[in-house]
Amino acid sequence: MADITKRSDDYSRWYQDVIAAGELAENSPVRGCMVIRPNGYAIWENIQRTLDDKFKELGHVNAYFPLLIPKSFLAKEAQHVDGFAKECAIVTHHRLKQTTIDGKITLIPDPESKLEEEYIIRPTSETVIWDQYRKWIQSYRDLPLLINQWANVMRWEMRTRMFLRTTEFLWQEGHTAHATAKEGREETLQMLEVYRWFAEDILAMPVITGAKTANERFAGAVETFSIEAMMQDNKALQAATSHDLGQNFAKAFDVKFQDAEGKVEHVWATSWGMSTRIIGALIMTHSDDDGLILPPRIAGTKAVIIPIWRSDEEMEQVIPAAEKIAAELRPIIGPVHVDKRDKMRPGWKYAEWERKGVPVRLEIGPRDLAGQQVMMAARHDRNKQAVGFTQLATAVPAELDRIQQDLYDRALQRRKEATVQLETWEEFTKLFKGDGGFALCHWCGDGDCEEAIQEKTKVTIRNIPFDRDETEGKCIHCGKSSIGRVLFSQGY
RNA sequence: CGGGGCGUAGCGCAGCCCGGUUAGCGCGCCUGCUUCGGGAGCAGGAGGUCGGGAGUUCGAAUCUCCCCGCCCCGACCA
């Protein structure tokens with residue numbers, strides 16, 4: 001295993017190294033697509049399970065809509081086309097044909113099989129879904145309609161990075177229909193709150209909730225909300241979005257319902273999503289120069305037990321003891337792995353499990369057995385202590401809780417240290433020429449001004465925080481009057 | 001798509017400028033012995049279309065041209 005590049009030497013190489021060393025994902029033969037390996041997919045499965053339970057708790061149900069979308073569907077909502085047309089993969093044929101070019105047998109699309117109407121591979125599913133919703137919704141009794149789907153989507157990106165931006169990615173997309181604008185807005189905000197809870201309580205990733213500016217809004221949305229997290233290089237990452245779609249899609253797809261008074265009206269819609277991108281955020285929030293660090297609540301393996309022995313006799317004592325501890329802990333903390341591999345020495349195993357981010361390691365050898373104890377080590381801060389057998393059932397879960405809290409606290413601390421309020425353009429440019437971070441500044445509200453800032457500095461408005469300071473001031477860039485501060489940062 | 005860097009064993013690299021034995025090193029892998037509480041030691045062994053194609057040459061990893069891929073920086077974006 002090659003060494004992991006230090007964060008301070010080259011942050012993007014560090015990121016790639018952590019993914020390789022943790023065996024999370026690899027590049028595929030297709031540019032921009034990735035193979036998610038079992039260690040990486042286990043994280044996604046836990047994300048799915050936790051979010052899915054929450055969605056269902058709130059009354060949503062899952063369904064599945066097709067990968068291919070008739071090209072004409074995308075064209076129905078003007079802003080939507082504008083947003084996605086330039087990054088769509090298109091299916092034009094349905095058959096291949098063998099042919100010989102320069103003496104080599106090769107395959108070409110059979111010209112005879114050209115499709116009448118071409119299909120696009122979904123970049124998101126609003127259009128297919130709303131085309132169906134038209135058939136399912138007639139009365140206010142059909143509302144609200146609360147559907148989620150787990151799927152893959154494709155956006156043909158120019159530049160890709162593992163998890164953060166891949167041509168194909170996995171996500172969930174919720175699509176709901178409501179009888180009133182108020183209900184639609186409430187759903188949008190409720191789901192944003194679900195994402196905030198998930199990021200902060202499960203992933204130990206502090207986020208800033210707020211509204212996107214008009215420029216940054218989802219194509220076809222009336223209002224877009226986001227949660228924004230800070231990575232260890234001080235850049236912002238949008239960790240999830242929730243959109244109030246108003247009646248835009250209902251109008252484009254003619255989805256109407258009759259209310260209790262007999263009045264016919266278009267329905268109100270929302271959509272919200274979190275993708276495999278969040279795994280990139282998770283990596284960049286917690287991991288260190290020795291590799292991946294996973295918060296206990298999302299880690300596939302909560303603890304790994306390393307039995308230590310020399311002779312066969314010792315092995316026969318130590319392994320059953322390790323198995324017994326694992327069996328005792330599993331009902332309390334979840335998956336526990338006993339690393340029984342022979343030939344590998346304990347130190348090697350420690351290093352390997354550290355690279356893979358397992359939160360807690362328990363070491364048990366002959367000396368521990370004699371003392372009826374194990375050594376318990378935390379991945380994130382190297383804290384190591386002896387724990388008596390009788391204490392395990394309380395000490396291990398307590399340690400996992402401590403780790404979860406510690407990871408959140410230290411991420412929050414980092415964000416606090418890299419968040420400032422700025423008043424002048426000089427301070428602003430100086431900050432983003434240097435270490436960067438989050439800057440809370442006044443902004444006039446003009447989209448052209450926002451674009452000008454981005455062109456000059458590559459800094460964007462991440463969102464307009466809900467809990468922002470609303471005292472009046474002067475726009476950081478143009479000096480015009482402003483009614484409150486917004487969150488500026490360089491973003492992923 | 002522009003600018004820069006890189007493609008040689010599973011991984012990391014040397015060799016290339018100045019063409020010439022059988023293409024080398026470290027890690028990993030296989031076998032054996034000794035080891036084993038923080039990445040073990042010794043011995044033996046397996047593993048290569050030198051990214052692909054064309055050309056120059058008696059001879060190409062090495063020189064020339066074209067192509068492909070990867071990484072970084074920009075334009076685009078979740």
Mind checking the P distance from B:C63 to B:C71? Whole angstroms is fine.
-> 26 Å
Which of the following nucleotides, B:C71, B:C36, B:A40, is nearest to the side chain of A:Ile308?
-> B:C36
Determine the contact category for A:Ser226: base if any of its heavy atoms lies under 4.0 Å from a base atom, sugar-phosphate if only primed atoms, P, OP1 or OP2 are that close, otherwise nothing.
-> nothing
Touch check for A:Glu354, heavy atoms < 4.0 angstrom, all strands: base, sugar-phosphate only, or nothing?
-> base
Pair A:Glu363 + A:Arg361: basic N to acidic O under 4.0 Å | yes
What does B:G12 pair with, Watson-Crick or G-U, if both distances are under 3.5 Å?
-> B:C25
May I have the distance from A:Trp14 (atom CH2) to B:C71 (atom P), rounded to whole angstrom?
-> 17 Å
Out of B:G39, B:A78, B:G37, whichever nucleotide has its closest atom nearest the side chain of A:Pro346 | B:G37
Quick one: A:Asp17 CG to B:C71 C1', roughly how many Å, whole number?
-> 11 Å
Paired with B:G7: which nucleotide, if any, by Watson-Crick or G-U wobble criteria at under 3.5 Å for both distances?
-> B:C68
A:Lys212 near the nucleic acid: base, sugar-phosphate alone, or nothing, with a heavy-atom cut-off under 4.0 Å?
-> nothing
Ring centers of A:His175, A:Phe65 separated by less than 6.0 Å | no
Ranking B:A75, B:C36, B:G39 by distance to the side chain of A:Arg159, first place goes to B:A75
B:C70 to B:A23 separation - C1' atoms, rounded to the nearest Å | 24 Å
Would A:His243 and A:Thr224 count as having a side-chain donor-acceptor pair, cut-off 3.5 Å?
-> yes
With a non-hydrogen cut-off below 4.0 angstrom, is A:Thr166 in contact with a base, only sugar-phosphate, or nothing?
-> base
If we take the P atom in both B:G74 and B:G12, what is their distance in whole Å?
-> 25 Å
Roughly how many Å is it from NZ in A:Lys343 to C1' in B:C30, rounded to a whole number?
-> 11 Å
Going by atom types only, do A:Asn152 and A:Glu168 share a side-chain donor-acceptor pair under 3.5 Å?
-> yes
Has A:Arg31 got a side-chain N or O lying under 4.0 Å from the OP1 or OP2 atom of B:C68?
-> no
B:C6 versus B:A14 - spacing of their P atoms, nearest Å = 10 Å
When you check the gap from the basic side-chain N to the acidic O, do A:Glu352 and A:Arg341 get nearer than 4.0 Å?
-> yes
Atom C1', compared across B:G48 and B:U64: separation rounded to whole Å = 25 Å
For A:Gln16, which contact category applies under a 4.0 Å heavy-atom criterion: base, sugar-phosphate, or nothing?
-> sugar-phosphate
Identify whether any heavy atom of A:Leu237 sits under 4.0 Å from a base atom; if not, whether one sits that close to sugar-phosphate; answer base, sugar-phosphate or nothing.
-> nothing
Heavy-atom closest contact (A:Thr429 atom, A:Thr457 atom, distance) | CG2-CG2, 4.2 Å
Under 4.0 angstrom between A:Asn27 side-chain N/O and B:G69 OP1 or OP2 | no
When we call it a touch if two heavy atoms are under 4.0 Å apart, what does A:Asp368 touch: a base, just sugar-phosphate, or nothing?
-> base
Looking at A:Asp17, A:Asp288, A:Asp233, A:Asp289, which one forms a side-chain hydrogen bond (donor to acceptor under 3.5 Å, both in side chains) with A:Arg7?
-> A:Asp289
Heavy atoms, side chains only, cut-off 4.5 Å: are A:Met230 and A:Ile208 in contact?
-> no
Atom CZ of A:Phe163 and atom C1' of B:A78: how far apart are they, to the nearest Å?
-> 15 Å
To the nearest angstrom, how far is A:Glu314 atom CD from B:G37 atom C1'?
-> 11 Å
Calculate the interatomic distance between A:Glu87 atom CD and B:A75 atom P; express it in whole Å.
-> 16 Å
A:Lys430 to A:Phe428, cation-pi by 6.0 Å centre distance and 45° axis angle | no
Closest to the A:Ser12 side chain, choosing from B:G37, B:C73, B:A40 | B:C73
Donor on one side chain, acceptor on other, A:Thr460 and A:Glu216, under 3.5 Å = no
Select base, sugar-phosphate, or nothing to describe what A:Met375 touches, counting heavy atoms under 4.0 Å on all strands.
-> base
Which part of the nucleic acid, if any, lies within reach of A:Arg361 when heavy atoms closer than 4.0 Å are counted: base, sugar-phosphate only, or nothing?
-> base
B:G38 pairs with which nucleotide, Watson-Crick or G-U wobble, both distances below 3.5 Å?
-> none
In whole angstrom, give me the gap between the C1' atoms of B:U8 and B:G24.
-> 10 Å
Residue matched to B:C1 through Watson-Crick or wobble contacts both under 3.5 angstrom | B:G74
Return the value, rounded to whole Å, for the distance between atom CE of A:Met315 and atom P of B:G37.
-> 16 Å
Among side-chain atoms of A:Glu187 and A:Gln190, is any donor-acceptor pair under 3.5 angstrom?
-> yes
Which of these nucleotides, B:C36, B:G39, B:A75, is closest to any side-chain atom of A:Arg355?
-> B:G39
Using the P atom as the reference point in each nucleotide, state the distance between B:C50 and B:U21 in Å, no decimals.
-> 16 Å
Comparing A:Gly491 with A:Glu363, nearest RNA chain B nucleotide closer to 5' gives the residue A:Glu363
Base-pairing assignment for B:G20 (Watson-Crick or G-U wobble, both under 3.5 Å) = B:C58
Among B:G37, B:G39, B:A78, which nucleotide sits nearest the side chain of A:Ala351?
-> B:G39
What interatomic distance, in whole Å, is found between P of B:G59 and the corresponding atom of B:A54?
-> 15 Å
Atom pairs under 3.5 Å, N or O on each side, protein against nucleotides 42-48 of chain B: can you list them with distances?
none

Which base, if any, makes a Watson-Crick or G-U wobble pair with B:A43, both distances under 3.5 Å?
-> B:U31
So which one's nearest nucleotide on RNA chain B is more toward 5', A:Arg345 or A:Arg367?
-> A:Arg367
What integer distance in Å separates A:Lys384:NZ from B:G38:P?
-> 7 Å
Mind checking A:Phe218 for me? I need base, sugar-phosphate or nothing, with any heavy atom below 4.0 Å counting as a touch.
-> nothing
Hey, does A:Gln238 reach any base, or is it just sugar-phosphate, or nothing, if we go heavy atoms under 4.0 Å?
-> sugar-phosphate
